[in-house]
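Below is one structure, written out as structure tokens; comments come after it.
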Amino acid sequence: MIDRIHHVGIVVHSADDALGFFRDTLGLTVTEDRVVEEQGVRGVLLALGENEIELLEPTRDDTGVARFLQSRGQTLHHICFNTDDVAGELNRLKAAGVELIDETPRDGLAGKIGFLHPKSMHGVLVELATPPAGAHVSHDKGFDHLAVTVADYAAARQTWKANIGLDVTNEIRVEDRGMLIGQMPSGQCMIELITPLGPDSPMAKRIEEQGERASSMVAIEVQDIDAEVAKYRGKGLELPDPAAGALPNSRTSTISAEQAFGLAIQLIQFD
Ligand code: CO
């Protein structure tokens, strides 16, 4: 079964440059770093509690990842879920008529892997992975939440439940931002389905322009956001002063995607 988020994958121009941020500034530990020849990428996994961040650097120009980098720039590429039986999950999805990129598992950075087509997941590229024995395991909280923006909330909710087994357990209306958040727990992380409350919401405009997609953002819970912001400012990063977040009783500040190789890092403290 699918039990938690394994990693988010981001595409970068240079894994070495990105390591200067994720390893040296954020302090994450590299668990895997190798070139996967048949995919034309150098992949690096960095552990963050029970989750990981995957850096993907194209090593040649004729791959999907290279074309993605050319057209979209450095940004989130996919969300990967951990399962003990990737072959069984792909068979289940295929039998249900879900469009897949991989109908059978292949070797990837995270173990035996397979991708669903983003058309099947409201614009989100989803990977499933069964890691090899001895792979990194942690029971610490990793990401606090990820966000995916959807136009048709009811349909997206149905899709995530049917395909990945996640369900909305809590809904939050954020009137002043014109959005509804549906929280789906996956391990210790929430995946937020975010949808506009009406056609005038700024989010509605963004969906019209960009389509449904995953936000290139991970939120990480911190105990003392003022100290964290001061720490990263001391390392030369620019962060706004912590302010009330969209989630109840939260304060947030964000390391922008521009400073974080395409993946915004939201720091969130719950009071
Ligand atoms: Co991946």
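What you are looking at is a predicted structure, and each value in this text was computed from that prediction instead of being measured. Counting starts at 1 for both ligands and their atoms, in listed order.
With Q259 contributing its side chain and E238 its backbone, the two residues share a donor-acceptor pair below 3.5 Å. Of the possible donor and acceptor atoms, none in the side chain of T254 sits under 3.5 Å from a partner among the backbone N and O of S256.
Contact detail for M121 and I164: the closest heavy-atom pair is CE-CG1, 3.7 Å. Residues S216 and L76 approach most closely at OG-N, 2.9 Å, considering heavy atoms.
Within the sub-2.8 Å shell of the Co ion (ligand 1), the protein contributes these N/O/S atoms: H7 NE2, E54 OE1, H78 NE2, E127 OE1.
Note on ring orientation: taking the six-membered ring where Trp is involved, the planes of F21 and F261 are tilted (angle from 30° to 60°).
Here ring pair (Phe, Tyr, Trp, His ring centres under 6.0 Å) pairs that include residues 87-126, with residues two or more places apart or in two chains, are H78-F115.
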